[in-house]
There are 2 protein chains.
Amino acid sequence: MRKVFLFMDTIINKVDAKGRVSLPSDYRAMVKELSTEIVCYRSLTSPCIEGCLEDLLDKLATQIEDATDFFSETQDNLTNLIFGDARRFTFDSTGRILLSEKLLKHAGITDTAVFVGKGRKFQIWSPENWEKEEQRIRAEVMQNRPVLKREKEEN
Amino acid sequence: MRKVFLFMDTIINKVDAKGRVSLPSDYRAMVKELSTEIVCYRSLTSPCIEGCLEDLLDKLATQIEDATDFFSETQDNLTNLIFGDARRFTFDSTGRILLSEKLLKHAGITDTAVFVGKGRKFQIWSPENWEKEEQRIRAEVMQNRPVLKREKEEN
DNA sequence: TGGTATAACATGGTATTTTGTGGGATTCAA
DNA sequence: TTGAATCCCACAAAATACCATGTTATACCA
């Protein structure tokens with residue numbers, strides 16, 4: 001069993017007429033060690049699909065519980081948005097998943113999907129949207145070098 | 001198991017037509033004790049490739065999670081930038097890795113690679129870029145002697 | 001200390017496996 | 001029975017493991 005577990009790299013795969021996509025082999029190999037399925041949902045902030053292992057959503061649920069009130073509107077909203085949208089996707093013997101219409105539409109994906117590793121999770125973009133996003137990020141990071149220490153307090 | 005674990009020295013190896021390079025035997029011997037693969041990505045600040053063990057990125061992932069909010073733009077930007085670019089490279093029985101086009105291009109490497117140890121990580125340069133970089137560093141250190149104490153607070 | 005034998009390494013080429021992708025066939029539910 | 005989802009098979013391209021050889025560095029012995 002591997003010690004670390006990170007989604008990495010940027011991989012471009014085709015989406016066929018049925019809506020099937022190969023999960024990049026790297027991702028698959030990792031996922032397989034723990035499960036046979038991944039969870040996908042529409043990103044809350046970007047026109048893309050997000051994917052991860054169910055574990056992560058479990059952690060997120062705990063975080064939300066800790067950070068917000070049980071009866072609060074925020075907790076309601078967050079849980080609705082994420083868990084109301086998320087779904088499990090199992091991959092077949094060749095390693096493909098069948099993405100839903102809803103997800104594809106939200107990401108503007110037709111025949112090509114760009115998988116972008118994000119550590120504990122990953123994103124799936126259309127080539128056009130990803131190009132824009134990548135430029136945006138690089139521009140922003142060029143301006144302000146990221147700082148990790150003490151950012152929370154400052155915000 | 002060794003106590004210390006540092007990439008050191010500067011080693012020049014050839015890159016063949018397929019993009020294969022021998023990992024310096026010193027590096028390999030260390031890496032082998034923990035893993036059969038290394039992670040490489042484009043340096044954020046220089047025209048070179050950086051490499052390290054997956055552990056280091058795992059630590060970084062945790063740091064990012066701790067320092068930023070799950071839904072923040074900062075976390076999004078950072079994780080995309082770092083993990084979207086990184087990739088695992090396993091070395092074969094002779095100790096070579098196959099560098100990707102993207103990485104080679106970013107570093108301007110064609111047929112020769114310069115490995116430079118940097119402690120927990122290392123860098124891979126083209127001979128031309130490395131020469132420039134080395135001069136730059138030496139010049140800078142001549143002007144301002146490095147200080148270790150209290151640098152963090154001043155920044 | 002010098003010379004030789006030995007082992008380790010870098011590097012070139014070849015064979016094998018993996019992976020992505022297309023097209024049916026089969027099952028399940030509406 | 002029809003449409004959608006799932007499974008299975010097949011092929012081509014690419015990634016990866018394996019084998020072989022010249023060269024360099026290391027160890028050993030006189």
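Protein chains get the first letters and strands the later ones, always in sequence-line order, with residue 1 at the start of each.
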Engineer: Out of D:dC19, C:dG22, C:dA10, which has the shortest distance to the side chain of A:Arg96?
Structural biologist: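 Between D:dC19, C:dG22, C:dA10, the one nearest the side chain of A:Arg96 would be C:dG22.
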Engineer: If you count heavy atoms of other groups shown closer than 6.0 angstrom to CD of A:Glu140, is the number above 12?
Structural biologist: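 Buried by this count: over 12 neighbours within 6.0 Å.
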Engineer: Are the ring centres of A:Tyr27 and A:Phe122 closer than 6.0 Å?
Structural biologist: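 Close enough - the centres of the two rings lie under 6.0 Å apart.
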Engineer: So A:Thr90, base contact, sugar-phosphate only, or nothing? Heavy-atom distance under 4.0 Å.
Structural biologist: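 Result for A:Thr90 = nothing.
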Engineer: Could you tell me the separation between the NZ atom of A:Lys14 and the P atom of C:dT19, rounded to a whole number of Å?
Structural biologist: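 Going from NZ in A:Lys14 over to P in C:dT19 covers 20 Å.
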Engineer: I'd like to know if the side chain of A:Thr90 pairs up with that of A:Glu37 as donor and acceptor (distance under 3.5 Å, no hydrogens or angles considered).
Structural biologist: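 Side chains of A:Thr90 and A:Glu37: no pair found under 3.5 Å.
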Engineer: What is the separation between atom CG on A:Asp92 and atom P on D:dA4, rounded to the nearest whole Å?
Structural biologist: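 So the two atoms are 19 Å apart, to the nearest Å.
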Engineer: Counting any heavy atom closer than 4.0 Å, what does B:Ser93 reach on the DNA or RNA strands: base, sugar-phosphate only, or nothing?
Structural biologist: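 Since a base atom lies under 4.0 Å of B:Ser93, the category is base.
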Engineer: Which whole-number value in Å describes the distance from B:Arg20 CZ to D:dA17 C1'?
Structural biologist: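 Taking CZ of B:Arg20 and C1' of D:dA17, I get 10 Å after rounding.
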Engineer: Taking CZ from B:Phe91 and P from C:dT11, how many angstroms apart are they, rounded to a whole number?
Structural biologist: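 Checked: the CZ to P distance equals 16 Å.
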Engineer: If you check every side-chain atom of B:Arg87, which of D:dA5, C:dG20, D:dT16 has the closest atom?
Structural biologist: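 Looking only at side-chain atoms, B:Arg87 lies closest to D:dT16.
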Engineer: Rounded to whole angstrom units, what separation is found between the CD atom of A:Glu37 and the C1' atom of D:dT6?
Structural biologist: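 These atoms are roughly 15 Å apart.
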Engineer: Any Lys/Arg nitrogen of A:Lys118 or A:Glu50 sitting under 4.0 Å from an Asp/Glu carboxylate oxygen of the other?
Structural biologist: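 No salt bridge links A:Lys118 with A:Glu50.
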Engineer: A:Asp16 CG to C:dG20 P: how many Å, rounded?
Structural biologist: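 Roughly 14 Å, once rounded to whole Å.
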Engineer: Which part of the nucleic acid, if any, lies within contact of B:Ser22, taking any heavy atom under 4.0 Å across all strands shown: a base, the sugar-phosphate backbone alone, or nothing?
Structural biologist: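 Contact class for B:Ser22: base.
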Engineer: Between atom NZ in A:Lys18 and atom C1' in D:dA4, what is the gap in whole Å?
Structural biologist: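 It works out to 10 Å between those atoms.
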Engineer: How many Å lie between CD1 on A:Ile11 and P on C:dT21, as a whole number?
Structural biologist: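 In whole Å, C:dT21 P lies 11 Å from A:Ile11 CD1.
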